[in-house]
Amino acid sequence: MSKKVYLRPSIKKQHLGAANKFAGFHPPETVSSIDGILVEDLLNKYGSPLFIFSETTIRKKIAAYKQAFESRYPMFQPTWSYKTNYLNDICKVFHKEGFWAETVSAFEYEKARKNGIPGNRIIFNGPYKPYEALKLAVSEGARIHADHLDEIKDLMKIADELGRKVDVSIRISMDTGSYPTWSRFGFNLESGHALEAATKIAESGGKLNLTGVHSHIGTFMLEPSAYKKAALQISKFYKVLRDDLRQPMQYIDLGGGFVSANKLKNIYQSGASLLPSFDQYAEAICSALYDAFSPEEPPSLFLESGRALVDESGFLASTVVGTKTLPTGRRALILDAGVNLLYTSTWYDLNISPIKDYSKDFEEVILYGPLCMNIDIVRETCILPNMARGESLLIHPVGAYNVTQWMQFIEMRPAVVLIQTNGQIKQMRRRETTDDINAMEVES
Ligand SMILES: *Cc1c(COP(=O)(O)O)cnc(C)c1O
């Protein structure tokens, strides 16, 4: 038998995006229009960068969401998480679909009121409710979800001042098998703090009534089973409050946290196929509630979804303002939109689509924003056709949390438009100007 010939191992550089034995060649999809409207026309009219929202996509998401929950659970009340996107026209789409407002600050509460939502259709959450704002919300019949004991003290004082009994709910945190647990909000179940807080309310000498219990276990929760656990534990606690503490309980609120079709960084998931659907979340939650409350009538169910309902409806159109080759040989594109407008680019690898078939040659590029800041990177790496200055692309999905967490830093914030279901374009917010910013400075 002849001896095997030794072959020296070698390393061969593979070019990302080029066809090789590790991966096929996936050129990005060109997206030239949204709901039949040419992105180029919108950029010409409103300038670049530009946030573009599709009302049709929001309505479709709402329909799927309602179908999933209402078909399983008739006593279902959806509420819109204002902080996810509180542009008034976006909120109004949700309100027209029957959503109440879910607010986490005095500012958001006021915004909801100015959108025509009565206090008794607003949930007031969050760790900071200034006394006067809390008192106003109570007097307008809002559902107050208490976060800590000082707030319960405030509520007793408000009951005294208003000379009537005040309905409150408490937010709780618990172990749902998904870590880290968000224990900084509300009262913890396992430690007994939740029962302590409920007991304080029950023994408030007729000042407070406990009517609901709330949890919001996290965000971008990939496991529907976490909601099943949460629903079972919260139901058990609800019965203790109702039967042992004799409180007039009415509802369970399981917060938000469902995923959108976005790709978390460093998770190798193959696109949307692994993400849970509304039906899977609904099945987990509603089956747990029916199990817990059978044979009696189950309580009302509130949800406060944000991200899952609006993320995919939002696009950011941006234009290349320069190109360069880095010392490593890598190509870089400089865009007119960066992390100042894309808070969620910290967590996600956002999709990048050129708005035209700019070239048949593709290259791997790094996408920089316009800021004079080293961290201003929109994508560390992506494949695009060769693009030149003045050519544009779409960044997607960006409908959740970006037009609320954006910063006026170095650059102005851009205009935001809504493509309505009737095909009309509604400018929801105009581009900022230097005068807008200067107007808030006080001249001596
Ligand atoms: C942010 C928030 C939501 C919405 O969360 P999503 O992950 O966007 O669905 C709901 N409830 C509370 C209390 C929140 O703070």
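As the structure is a prediction and not an experimental result, all values here were calculated from the model. Both ligands and their constituent atoms are indexed starting at 1 by order of listing. Scope of the values below: all heavy atoms of this structure, side chains included, with no hydrogens, waters or symmetry mates.
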Numbering as shown, the atoms of ligand 1 that approach Asn125 to under 4.0 Å (heavy-atom distance): 13 (C)
So, are Arg430 and Asp436 salt-bridged, with charged N and O less than 4.0 Å apart? yes
Thr84 neighbourhood, listing ligand 1 atoms whose heavy-atom distance to it stays under 4.0 Å: 8 (O)
For Thr219, the ligand 1 atoms with a heavy-atom partner under 4.0 Å come out as 6 (P), 7 (O)
Per-atom contacts, ligand 1 versus Arg307 - under 4.0 Å to a heavy atom: 6 (P), 8 (O), 9 (O)
With a distance cut-off below 6.0 Å to the six-membered ring centre and an angular limit of 45° from the axis, does Lys66 pair with Phe278 as a cation-pi contact? no
Salt bridge or not between Asp279 and Arg72? Use side-chain N to carboxylate O under 4.0 Å. yes
Pair Arg143 + Asp167: basic N to acidic O under 4.0 Å: no
Closest non-hydrogen protein atom to atom 8 (O) of ligand 1, residue and atom name please, with distance? Tyr401 OH, 2.5 Å
Give the atom numbers and elements of ligand 1 that come within less than 4.0 Å of a heavy atom of Gly257. 5 (O), 6 (P), 7 (O), 9 (O)
Report the relative orientation of the aromatic rings in Phe94 and Trp80; use parallel for angles under 30°, tilted for 30 to 60°, perpendicular for over 60°. parallel
Salt-bridge present (Glu140, Arg113; N to O < 4.0 Å): yes
Below a 4.0 angstrom heavy-atom separation, can you tell me which part of His216, side chain or backbone, both or neither, approaches ligand 1? side chain
What atoms in ligand 1 come closer than 4.0 Å to a heavy atom of Glu304? 3 (C), 4 (C), 10 (C), 11 (N), 12 (C), 13 (C)
So, is Ser81 polar-close to ligand 1, with some N/O to N/O distance under 3.5 Å? no
Atom 14 (C) of ligand 1 - nearest protein heavy atom and its distance: Lys83 NZ, 2.8 Å
Quiz item: cation-pi between Lys129 and Tyr109, 6.0 Å / 45°: no
Go through the side-chain N and O atoms of Ser169 and Tyr251 and say whether any donor and acceptor fall under 3.5 Å apart. yes
Applying salt bridge (Lys or Arg N to Asp or Glu O under 4.0 Å) to Glu196 and Lys200, what does each step give before you reach the verdict? CA-CA 6 Å; Glu196 248 171 64; Lys200 273 219 160 64; 5.5 Å; no
Between Phe185 and ligand 1, which part of the residue brings a heavy atom under 4.0 Å of the ligand: side chain, backbone, both or neither? neither
Which of the atoms of ligand 1 are close to Gly306, meaning less than 4.0 Å from one of its heavy atoms? 6 (P), 8 (O), 9 (O)
Any heavy atom of Arg171 sitting closer than 4.0 Å to ligand 1? yes
Contact atoms of ligand 1, heavy-atom distance to Gly256 under 4.0 Å: 9 (O), 10 (C)
At a 4.0 Å cut-off, with the gap strictly under it, does some heavy atom of Ser305 reach an atom of ligand 1? yes
Is it true that Thr56 and Thr421 share a donor-acceptor pair across their side chains at a distance under 3.5 Å? no
